[in-house]
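Both backbone and side-chain heavy atoms feed into the values below; hydrogens, waters and symmetry mates do not. This structure is a prediction, so every number in the text was calculated from the model and none was measured. Proteins get letters first, then strands, A, B, ... in listed order; numbering begins at 1 in each.
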Amino acid sequence: MTIDSKIQVRNVNVYYGNAQALYDVNLDIKSKEITSLIGPSGCGKSTFLRCLNRMNDVIEGCRVEGNITIDGENIYSKDKDPVLLRARVGMVFQKPNPFPKSIFDNVAYGPRIHGLAANTTELREIVENSLEQAGLMDEVKDRLNESATGLSGGQQQRICIARAIAVSPEVILMDEPCSALDPIATARVEELMGNLSINYTIVIVTHSMQQAARVSTRTAFFHLGHLVECDETNKIFTTPNDKRTEDYITGKVG
Amino acid sequence: MSIFEITIVILIISASAYFFGVRKIVSLSAKYKKKPDSLMKYYGKNAVIWAFVPAFSMLVAYSFLAPVYIETVFIDKLSKIFPEYQQSQLNLVYAQVQNIASGFLESSDVQLLALSEQLTSWNEKAQSTRSWVILLVLIGTSALGYNKIKLRFPARVKVEQFFERLFLGAAVTAILITIAIVVSLMFEALRFFEVYNFFDFLFGTHWSPNIAIRDDQVGSSGSFGMIPVLAGTVLIAFIAMLVALPIGVFSAIYMAEFAPRGLRDIIKPTLEILAGIPTVVYGFFAALMVAPFFRSIGLSLGLDVSSESALAAGAVMGIMIIPFISSLSDDVINAVPQSLKDGSIGLGATKAETIIKVILPAALPGLVGAFLLAVSRAIGETMIVVMAAGHAANLTANPLEAVTTVTVQIVALLTGDTVFDSPKTLSAFALGITLFVATLMLNIAALTVSRKLSEKYD
Amino acid sequence: MGNGKTNTELIAKSLEKRHRRQTRLKYYGLFSILLGITFLIILLGSITLNGYTALQQTVVQISVNISPDKVFDDNGNISEEVMYNTNWDGLAKKAFRQEFPDVVDRKEKRKLSDLISSNAGYDIKWMVSQNPSIVGKETKLWVKTSDDVDQLLKGRLTVNVPEEQRRLSNSQLKWVKNLTDKGIIKKQFNTVFFTSADSREPESSGILGAIIGSAIAMVVTMALALPFAVMAAIYLEYFAKPGKWTDFIEVNINNLAAVPSIVFGLLGLAVFLNFFELPRSAPLVGGMVLSLMTLPTIIIASRAAIRAVPSSIRDAALSLGASKMQAAVDHVLPLASPGILTGTIIGMAQALGETAPLIMIGMVVFLVDIPTGFTDAATALPVQIYIWSDSAERAFYERSSLAIMILVLFLITMNLLAVLLRKKFEKKW
């Protein structure tokens with residue numbers, strides 16, 4: 001089972017100052033499928049997600065202990081550059097956060113800073129390809145030069161996804177990507193996730209159990225900073241091993 | 001009675017109004033065995049308002065307006081005695097008469113003595129009238145207020161209504177001050193434009209306000225073309241911004257994005273000290289230390305640097321503005337939502353790329369606002385240029401030469417002994433209103449742009 | 001993605017350059033901050049180096065024998081009139097010249113007399129009136145030297161230039177050396193600086209007059225600005241209905257806070273002096289003008305302080321049946337008062353350092369008397385600095401610097417007080 005896992009997490013503890021947010025988390029995330037992280041709010045699932053691309057580095061006073069490897073490389077080792085890591089592990093946030101630039105510039109942002117395109121034709125290709133993959137091309141192809149902040153919430157979130165894909169990451173992390181969206185936009189993003197999982201490893205944090213059940217192959221349940229269990233989504237939602245998981249899923253707590 | 005005595009009387013009556021007001025409502029309440037509408041103390045307060053406010057407002061109004069009124073009437077009278085005199089001469093006679101009347105000046109001129117006696121008697125009459133009128137009003141309104149006290153009288157509501165209006169009045173003061181600025185500057189400036197062409201002032205390229213004291217002196221008419229003064233102002237402000245803008249913005253970037261918390265807690269207050277230093281200190285520094293320093297450097301390089309160079313004044317002004325820009329920019333940069341920064345970092349951008357490509361463009365309206373406010377500050381700054389810039393109006397873009405500014409000219413024109421009504425002094429008000437309008441437009445522009453930023457992210 | 005590997009390589013290759021760029025930006029920022037702090041240090045440092053010497057004044061010992069008929073009237077009582085007619089100046093100079101009996105040439109004698117302060121006579125007169133027992137016998141008195149000698153002994157006079165370019169001649173330098181050798185010339189604490197007003201002679205000038213002028217103006221400013229500001233702030237936060245009218249008031253306040261101070265000076269000149277004919281140079285008018293200027297600052301600070309009090313407090317008061325006014329004045333205002341006080345101190349510090357508007361209303365005057373009332377002519381501390389920095393004498397330069405040190409000390413203390421107050425009362429609701 002560990003053979004085809006993309007990401008291996010071993011004995012991870014996270015502290016904010018003196019407060020511990022995660023306790024001894026061990027988890028394997030498989031390549032090219034969707035893994036959901038669920039749990040009541042404050043359980044550490046977002047913190048965990050932010051460990052996977054070292055986004056916690058930017059939070060003052062945050063300390064991560066333990067081992068996280070992607071393709072066998074320890075991402076927290078001294079010689080690893082978080083910038084390179086974040087290019088390989090893209091992230092989509094809870095609130096759609098397009099830059100106050102044109103749609104084109106938003107998607108071209110990553111390729112430009114990383115110097116991925118040799119010329120403008122290539123850049124254009126990357127942008128169009130990414131928008132295509134994000135299923136947004138038809139909606140925006142006539143207004144690539146208009147501001148991205150003028151789009152609807154669902155479109156903005158898909159721009160953010162396109163923006164992440166444009167760097168050709170191996171993993172995409174999504175932190176409650178649909179919590180700010182209406183049901184129709186949510187459905188579109190979920191559909192998109194399904195399509196993307198063919199090419200990318202996706203880890204998604206969600207507070208909606210239905211969403212986890214709909215989109216993911218595997219689900220991990222977090223509670224009070226502990227990873228309670230992780231298994232096939234079907235199994236988690238039908239016959240969980242742990243009492244806490246059952247309580248949460250049946251709506252007794254949370 | 002003197003103003004002081006009247007104030008005491010008003011205070012005593014007001015205090016007793018409270019006492020009587022409360023006493024009346026207590027006895028009414030006892031008589032009808034009913035509780036009044038409001039708490040007892042509100043009836044007292046209500047009585048105090050009736051007693052104090054009308055009489056005291058009259059006293060204040062009188063103190064300000066009576067001298068003005070007496071002067072107008074008296075000068076009118078003087079103009080009949082001395083029909084050949086002009087307004088400024090009449091003013092002078094009035095000042096003399098005033099000084100004789102108050103004993104500052106001795107005179108043997110019979111006519112002046114008679115006039116001063118008359119002025120004294122007018123003043124005395126005005127004073128006694130004032131005392132009587134105010135006392136009558138005091139007693140009248142106190143009685144009226146006392147009379148209003150009944151069980152069903154909503155004293156609290158009335159008292160609070162009064163205070164609400166008073167508070168409104170205080171808030172409206174801001175508007176009144178603005179109006180007072182515009183009206184008073186306009187009034188004097190219009191008098192200037194009666195004798196000097198408006199367009200010559202606005203577009204003239206020669207500024208030499210020195211008017212001869214006597215009319216028959218050579219070159220008696222001054223020249224008031226504002227362009228060289230304006231150009232000097234812009235040149236110095238430009239140098240100041242050249243110093244302040246990069247240093248301020250880079251400091252803000254460092255403080256907001258790079259500085260560890262501990263360092264930030266030290267740097268911020270230190271830079272704020274720079275902001276708290278009075279401008280006269282910067283002026284002293286510019287005139288007595290920086291300007292000679294620049295001059296000696298210039299000499300060693302074979303350059304002729306004026307001891308009142310625009311460079312010295314502008315550079316020191318720039319130092320003064322650094323904390324202004326850095327703290328405004330710091331606020332603006334911090335106002336950019338964390339989610340945007342996360343979005344950029346999450347794509348693998350470095351901090352520097354995030355700052356330059358995401359934060360600064362997003363903060364641009366705010367930065368422009370800060371820039372405009374700083375420019376407004378630079379052109380309105382007075383002491384540094386008064387002490388370190390020149391007085392002669394040179395139309396030059398060479399920062400090593402001496403130039404003058406609007407504020408320098410205002411100070412120069414209005415200090416020293418000059419007749420107030422001369423075009424020379426009046427031109428200061430024309431410069432003043434120009435300065436006010438320019439800074440007003442910059443401030444409003446700054447406000448409008450930075451509002452755009454907050455709208456975008458709220 | 002098929003080209004994933006190449007992407008990683010591309011990025012890895014670009015990393016070094018990008019991190020270098022980042023380091024560069026960081027150092028630009030650090031450099032800017034250091035530059036700012038360096039300016040601050042140079043500014044305050046150079047002024048301190050110039051100014052601290054003004055804390056001392058050079059004095060020289062002379063021995064005088066004042067005959068009683070120059071002080072007492074026929075009845076043996078000390079008499080102002082007799083003393084008025086005495087030539088104290090001559091007496092001081094003559095006594096001083098006794099130290100150098102071999103100087104006889106008229107011109108040389110005058111040069112010698114120039115070494116002591118031209119106010120030395122007044123000082124002796126004052127000493128006599130304080131202590132008449134020194135009359136009638138040989139007494140040793142310390143009197144101030146001229147500012148040139150003072151500056152010479154403080155090492156501020158360049159001596160290695162040709163005589164005609166110097167403020168002191170060769171013989172004068174020799175005499176001063178002689179006095180130093182005899183040990184009858186010394187530096188002592190400059191009490192005069194803290195107890196007198198301005199003077200034409202640097203050695204007799206002080207800042208007390210200016211400080212009192214500033215203090216009176218500050219009292220007026222505070223008395224006018226604070227109540228108005230608090231009332232306006234309460235109105236805007238509690239009673240004003242959002243709309244065009246309130247917006248207009250707000251824009252006005254924000255704009256007034258950014259109007260150049262000299263414009264307020266022009267307003268004061270046109271309205272208070274020319275229209276209402278209030279006295280020129282009076283600290284009363286100065287205070288009024290400064291209050292107009294600080295009003296917006298205090299309103300803005302007060303509003304922020306009132307807004308910082310959580311609405312739950314107001315709602316609690318309202319739910320218990322208090323009126324809006326009671327909620328605002330009795331419950332919210334006390335909680336907001338530390339914040340308002342902080343804002344007021346900052347506004348006052350601003351007003352205390354302000355110069356330009358005071359110049360406009362004529363507070364820039366030469367005054368040897370200390371003001372005693374609201375309408376007396378007065379200067380203010382920053383204006384005094386301005387006046388002195390315009391003087392040619394080197395000694396005024398030094399005094400100006402010391403006055404700046406005192407002013408800045410005042411301001412830093414006030415700001416520190418504001419910071420401490422804010423820290424002490426800072427509540428996390």
### Query
Looking at CG of Asn97(A) and NZ of Lys341(B), how far apart are the two atoms once the value is rounded to the nearest 0.5 Å?
13.0 Å
### Query
Roughly how far, to the nearest 0.5 Å, is the OG1 atom of Thr350(B) from the NE2 atom of His114(A)?
9.5 Å
### Query
Do you know which two heavy atoms are closest between Met55(A) and Asp342(B), and how far apart they sit?
CE-O, 3.5 Å
### Query
So which heavy atom on Phe93(A) is nearest to which on Gly343(B), and how close?
CE1-CA, 3.6 Å
### Task
If a pair satisfies salt bridge (Lys or Arg N to Asp or Glu O under 4.0 Å) and one of its residues is in residues 360-380 of chain B, list it, with sequence neighbours excluded.
none
Is it the case that atom [atom1] in [X] sees more than 12 heavy atoms from other parts of the structure closer than 6.0 Å?
X: Met186(B); atom1: CE; value: no
X: Tyr15(A); atom1: OH; value: yes
X: Asp79(A); atom1: CG; value: yes
X: Phe238(B); atom1: CZ; value: no

So what's closer than 4.5 Å to chain B heavy atoms on [X]: side chain, backbone, both or neither?
X: Pro98(A); result: backbone
X: Arg50(A); result: side chain
X: Val89(A); result: backbone
X: Val167(A); result: side chain

### Query
Can you check whether Arg86(A) reaches Leu347(B) side chain to side chain, under 4.5 Å on heavy atoms?
no
#### Entry: Any side-chain heavy-atom pair of Phe99(A) and Ile359(B) under 4.5 Å
no
### Query
Would a distance-only check, ignoring hydrogens and angles, find a side-chain to backbone donor-acceptor pair under 3.5 Å from Lys357(B) to Ile113(A)?
no
### Query
Looking at residues at least two apart in the chain, or sitting in another chain, which of them share a side chain to side chain contact (heavy atoms under 4.5 Å, CB included) with Ala220(A)?
Leu27(A), Leu37(A), Phe222(A), Leu227(A), Cys230(A)
